[in-house]
**Student:** 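Let me give you the structure first, and then I'll get to my questions.
Lettering of chains follows the sequences in order, A, B, ..., and the numbering in each one begins at 1.
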Amino acid sequence: MSTAIQFDPIRLPSEAEALRKEVRAFLQDEIAAGTFDPNAVAASGFNREFSRKVGAKGWIGLTWPKKFGGQERSFLERYVVTEEFRVANAPVRGHFTADRQSGPTIMKYAQDHIKDDVLPRIIRGECSFCIGMSEPNSGSDLFAASTRATKTDGGWLINGTKIWTSGAHNSDYMIGLFRTSPSTKENRRHGLTQFLVKMGQPGITVNPVVQMTGIHEFNEVVFENLFIADDHVFGEIDMAWKQATSELAYERSGPERFLETFYVLPELVRVLGNKPDTRGAEGIGRLVAQLHTMRRMSVSVNGMLQAGKEPTLQGSLVKNLGTLWEQSLPSKARDLAAFSEADPGNRATFEELLQFATMIAPKLTIQGGTTEVLRGIIARGLDLR
Amino acid sequence: MSDSDNIIVDTTTRIFQDLCDPQTVNNAADDSWKQPLWDALEESGLTLAWVSDELGGAGVDITDGFDILRVSGSFASPVPLGETLLAGWLLSRVGVQPPTGMMTVAPQRADDRVTLGADGALSGTVRQIPFAANAGHIAILAHAGDAPVIALVAASDCAIAEGLNIAGDNQNTVTFDGVTPSVVKPAPDGLDARSLYMMGAAARSAQMAGALESALQISVAYAQERVAFGRPIGKFQAVQHNLAELGCEVAASAAASSSAADALQTALRKGDVFDQQIFLEVAAAKIRVGEAAGKGAAIAHQAHGAIGFTKEHILNRFTRRLWAWRDDFGGESAWAVELGAMVAANGADELWPLLASR
Ligand SMILES: Cc1cc2nc3c(=O)[nH]c(=O)nc-3n(C[C@H](O)[C@H](O)[C@H](O)COP(=O)(O)OP(=O)(O)OC[C@H]3O[C@@H](n4cnc5c(N)ncnc54)[C@H](O)[C@@H]3O)c2cc1C
């Protein structure tokens with residue numbers, strides 16, 4: 001059994017630290033130029049112009065093969081880029097999904113002419129992706145998806161509805177999961193196929209779904225007889241369930257899985273001042289210790305990925321701990337700030353950030369697989385399922 | 001309890017498997033099994049792992065020593081291996097050949113202090129010294145005026161009060177008044193009471209990480225075996241989810257403790273540079289692993305039902321030591337107050353640069 005859970009103390013190599021300096025300098029310049037405001041946490045996060053600049057720096061597809069325009073640099077360098085962008089609240093929505101998930105899927109499963117067409121555009125920051133998995137009646141139970149792909153001459157006709165699709169309203173493509181066959185008695189995961197969907201065509205309607213924060217981030221996407229050509233199928237027909245799992249370690253272990261509410265922590269430190277009382281100091285100390293530990297775990301997983309391992313269990317452990325932590329941070333910060341000085345200077349900023357973080361906290365343990373689903377995956381890794 | 005290609009880990013694991021099997025020693029009528037265990041550890045050179053070759057030790061890397069402690073923790077070791085390692089390290093640092101036999105170190109608590117007088121005699125009382133009543137010698141980080149010195153005393157020369165920790169292992173208040181050490185040396189530059197405190201905290205973190213690994217292993221095995229309502233309890237989702245959370249705590253402990261060990265190795269190689277980064281690493285390990293100890297022990301017990309609450313079952317060997325070890329060399333709260341104060345004094349804008357520097 002796999003209870004030997006190891007996290008080697010991987011350190012970021014000097015080239016990653018050199019890259020960090022470059023990234024920080026770039027972000028400072030962009031902030032100074034007014035491209036984005038690091039405290040505007042409710043901003044949409046989509047900025048094509050910014051994504052192009054990031055692409056020009058070579059920071060999208062950093063680890064990808066040179067033949068697609070990538071840099072073949074390490075996962076640890078990518079790690080640094082990701083965390084610096086997150087901590088600065090930089091608007092990465094125009095390229096992040098493509099960089100993290102869609103690009104690697106394309107590299108693995110798409111036909112050559114599609115790779116040659118799409119990957120360089122992703123790398124230039126000109127091509128954004130959304131993920132079409134969830135449906136009104138299929139969330140955690142992904143294999144209940146019922147949006148149909150029916151075979152027709154030279155391709156497929158898509159009918160049905162995807163929902164909660166983040167960024168569908170400003171994406172160029174979706175990687176969609178559609179039903180090509182019924183599931184079988186032996187394997188209820190059978191029958192789903194991954195497709196590349198070009199957005200903005202007739203046959204696709206994107207309807208906004210406004211979140212409780214008032215923000216429009218996810219959507220309902222309705223397909224009515226949308227035609228998709230045969231060469232846009234990814235991998236094997238009916239076999240998407242086999243393809244989905246190998247990418248999970250990439251998707252689950254990154255710093256974006258514990259840094260989403262990070263902005264609250266430095267403001268808490270500011271509110272409590274240079275000489276906090278014992279309660280405040282202890283609270284900060286514990287939060288910092290927990291965050292440091294998660295970061296060290298995440299770096300370790302990225303080191304394992306770099307070494308060609310598949311740390312799927314470790315990735316799930318990091319995501320579970322990380323999302324619960326970033327979710328609890330606002331409420332802990334609220335408790336700790338309860339007796340601080342009436343006017344510590346940044347009170348207004350703190351309150352504003354705290355309010356927003358408190359509102360978005362619920363989603364953190366739902367998006368990308370709920371806590372319950374993750375615990376199930378970990379339990380399987382422990383041989384309990 | 002891992003399959004590694006590390007010969008030090010393998011040797012340690014084999015000795016503990018042979019001579020400290022948790023079920024066997026739990027059934028033992030008395031403590032007579034402890035001496036053969038200690039002898040085997042001593043013969044293999046593990047007890048003086050951090051002492052240089054020239055001084056009769058094994059001279060292994062700092063991280064290897066912490067690995068030894070992690071393995072010992074995974075067997076809920078009730079012998080002063082960690083304490084002897086620390087004592088050997090202190091003595092080795094001032095070129096003193098350590099005596100054989102069990103040793104311990106003092107002080108263990110941040111607020112205790114031992115003073116070396118002008119007459120060459122020690123004074124001071126230190127609390128909660130682990131295994132002082134078992135040790136032949138005590139290595140002390142004392143102060144001559146403000147200058148840190150390293151001293152060695154025979155335990156029999158000291159006044160050692162009776163006392164046990166929550167695991168039933170010796171933990172004694174020791175009074176050094178009027179005791180003349182057999183050796184006194186000025187501590188090397190950069191090494192002081194804080195250094196010992198940090199090394200001790202990292203040692204306990206490694207031991208706790210090991211004990212947590214075992215608590216998980218024992219709990220998973222039990223959940224696969226124990227049947228209720230017609231199926232193994234591990235098939236119930238509530239039990240699975242609890243054990244998944246235990247898995248997360250084990251993972252965090254493994255990561256935090258090995259990171260601190262690695263950081264200390266670097267600090268010592270650089271010539272005792274215990275800067276803010278090293279402090280963050282050690283503090284984070286002691287805080288996070290200490291938190292995991294509390295949470296993890298609770299989950300492991302819950303999964304075991306009543307049987308885990310018996311003396312007869314081995315689980316308590318691990319959970320009681322987790323509770324004991326989290327208090328040694330500073331508990332979570334004490335470390336967190338210091339870490340938080342440091343972060344606050346640096347100012348909000350220095351927080352991310354500090355975290356990212358590791
Ligand atoms: C902000 C946000 C962005 C999102 N973006 C996207 C996106 O871009 N693309 C996309 O495809 N999806 C997206 N999603 C959807 C997300 O993947 C789903 O919400 C998630 O998988 C859960 O599905 P559900 O909402 O249908 O909840 P349900 O599956 O109905 O779950 C409801 C509750 O029941 C629990 N539950 C369900 N099954 C079990 C079980 N077997 N055992 C125990 N408990 C169970 C769940 O853990 C949860 O607590 C997004 C969601 C959010 C909140």
**Student:** Name the region of A:Leu336, side chain, backbone, both or neither, that has any atom closer than 4.5 Å to a heavy atom of chain B.
**Tutor:**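 The answer is neither part of A:Leu336.
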**Student:** Select, from B:Ala263, B:Pro232, B:Ala252, B:Ala341, the one with the greatest count of heavy-atom pairs under 4.5 Å involving chain A.
**Tutor:**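 Between B:Ala263, B:Pro232, B:Ala252, B:Ala341, the count favours B:Ala252.
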**Student:** Could you check if a side-chain atom of B:Gln240 sits within less than 4.5 angstrom of a side-chain atom of A:Ile378, using non-hydrogen atoms only?
**Tutor:**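 No, too far: nothing below the 4.5 Å cut-off.
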**Student:** Looking at B:Arg358 and A:His292, would you say the former's side chain and the latter's main chain have a donor-acceptor pair under 3.5 Å?
**Tutor:** no
**Student:** Report, in residue-number order, which members of residues 326-335 of chain B are under 4.5 Å from chain A by heavy-atom distance.
**Tutor:**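 Contacts with chain A: B:Glu332, B:Ser333.
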**Student:** Given the options B:Ala251, B:Ala254, B:Ala255, which has more heavy-atom pairs under 4.5 Å with chain A than any of the others?
**Tutor:**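 Among the listed options, the one with the most contacts to chain A is B:Ala251.
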**Student:** Find out whether A:Val288 and B:Ile287 are in side-chain contact, i.e. whether some heavy atom of one side chain is under 4.5 Å from a heavy atom of the other.
**Tutor:**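 A side-chain contact is absent here, since even the closest heavy-atom pair is not under 4.5 Å.
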**Student:** How close do B:Lys235 and A:Leu384 get, counting heavy atoms only, and between which atoms?
**Tutor:** NZ-O, 3.5 Å
**Student:** Compare all side-chain heavy atoms of B:Asp262 with those of A:Arg11 and state whether any distance is below 4.5 angstrom.
**Tutor:**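 Contact flag for B:Asp262/A:Arg11 side chains = yes.
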**Student:** Who among A:Leu287, A:Val269, A:Asp8 has the most heavy-atom pairs with chain B under 4.5 Å?
**Tutor:**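 Greatest number of close heavy-atom pairs with chain B: A:Val269.
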**Student:** I'd like a table of donor-acceptor pairs (distance under 3.5 Å, sequence neighbours excluded) in which one partner is a side-chain atom from residues 289-297 of chain B, with atom names and distances.
**Tutor:**
unit_1   : atom_1 : unit_2   : atom_2 : d
B:Glu291 : OE1    : A:Gln290 : NE2    : 3.0
B:Glu291 : OE2    : A:Arg286 : NH1    : 2.9
B:Glu291 : OE2    : A:Gln290 : NE2    : 3.3

**Student:** Give me the atom names and distance for the closest heavy-atom approach of A:Ala289 to B:Ala284.
**Tutor:**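 That would be CB-CA, 3.6 Å.
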**Student:** Among the options B:Ala348, B:Ala209, B:Gly247, B:Ala260, pick out the one with the most heavy-atom pairs lying under 4.5 Å from chain A.
**Tutor:** B:Ala348
**Student:** Counting only heavy atoms from other residues, nucleotides and ligands, does the tally under 6.0 Å from CD of B:Gln277 exceed 12?
**Tutor:**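 More than 12 within 6.0 Å, yes.
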**Student:** Would you indicate whether the side-chain heavy atoms of B:Glu281 and A:Arg296 approach each other to under 4.5 Å?
**Tutor:** yes
**Student:** Between B:Asp349 and A:Arg270, which heavy-atom pair has the shortest distance, and what is it?
**Tutor:**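 It is OD1-NH2, 3.1 Å.
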**Student:** Of the backbone (N, CA, C, O) and the side chain (C-beta and beyond), which part of B:Glu338 lies under 4.5 Å from a heavy atom of chain A, both, or neither?
**Tutor:**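 For B:Glu338, no heavy atom lies under 4.5 Å from chain A.
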**Student:** Would you check if A:Leu382 and B:Leu246 make a side-chain contact, meaning some heavy-atom pair closer than 4.5 Å?
**Tutor:**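 A side-chain contact is absent here, since even the closest heavy-atom pair is not under 4.5 Å.
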**Student:** Quick one: what part of B:Ala356 sits under 4.5 Å from any heavy atom of chain A, side chain, backbone, both or neither?
**Tutor:**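 Contact with chain A is through both the backbone and side chain of B:Ala356.
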**Student:** Do other residues, nucleotides or ligands put more than 12 heavy atoms under 6.0 Å from B:Arg226 CZ?
**Tutor:** no
**Student:** Roughly how far, to the nearest 0.5 Å, is the CG atom of B:Leu243 from the CZ atom of A:Arg375?
**Tutor:** 11.5 Å
**Student:** Based on non-hydrogen pairs under 4.5 Å, which of A:Thr278, A:Leu374, A:Val299, A:Asn320 is most in contact with chain B?
**Tutor:**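 That would be A:Asn320.
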**Student:** Mind running side chain to side chain contact (heavy atoms under 4.5 Å, CB included) on A:Lys319 and B:Cys248 for me, showing each step along the way?
**Tutor:** CA-CA 10 Å; A:Lys319 185 180 172 201; B:Cys248 288; over 6 Å; no
**Student:** Among A:Arg20, A:Glu267, A:Met294, A:Glu17, which residue forms the greatest number of heavy-atom pairs with chain B at distances under 4.5 Å?
**Tutor:**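 Maximum pair count with chain B is reached by A:Arg20.
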**Student:** Please report the interatomic distance CZ(B:Arg288) to CG(A:Leu291), rounded to the nearest 0.5 Å.
**Tutor:** 11.5 Å
**Student:** With chain B as the partner, which of A:Ile284, A:Leu324, A:Leu321 has the greatest number of non-hydrogen pairs under 4.5 Å?
**Tutor:** A:Leu321
**Student:** Does atom CD of A:Gln306 have more than 12 heavy-atom neighbours, drawn from other residues, nucleotides or ligands, at distances under 6.0 Å?
**Tutor:**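 Buried by this count: over 12 neighbours within 6.0 Å.
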**Student:** Report the distance from atom CD of A:Glu83 to atom CH2 of B:Trp352, rounding to the nearest 0.5 Å.
**Tutor:** 3.5 Å
**Student:** Using heavy-atom distances under 4.5 Å, tell me whether B:Leu351 contacts chain A through its side chain, its backbone, both, or neither.
**Tutor:**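 Side chain only.
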**Student:** Ignoring hydrogens, what is the shortest heavy-atom contact between A:Pro9 and B:Ser259? Give both atom names and the distance.
**Tutor:**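 Minimum heavy-atom separation between A:Pro9 and B:Ser259: CB-CA, 3.9 Å.
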**Student:** What option among A:Arg295, A:Arg279, A:Met297 has the most heavy-atom pairs under 4.5 Å with chain B?
**Tutor:**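 It is A:Arg295.
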**Student:** For chain A, which candidate among B:Ser357, B:Ser258, B:Ala345 shows the most heavy-atom pairs at distances under 4.5 Å?
**Tutor:** B:Ser258
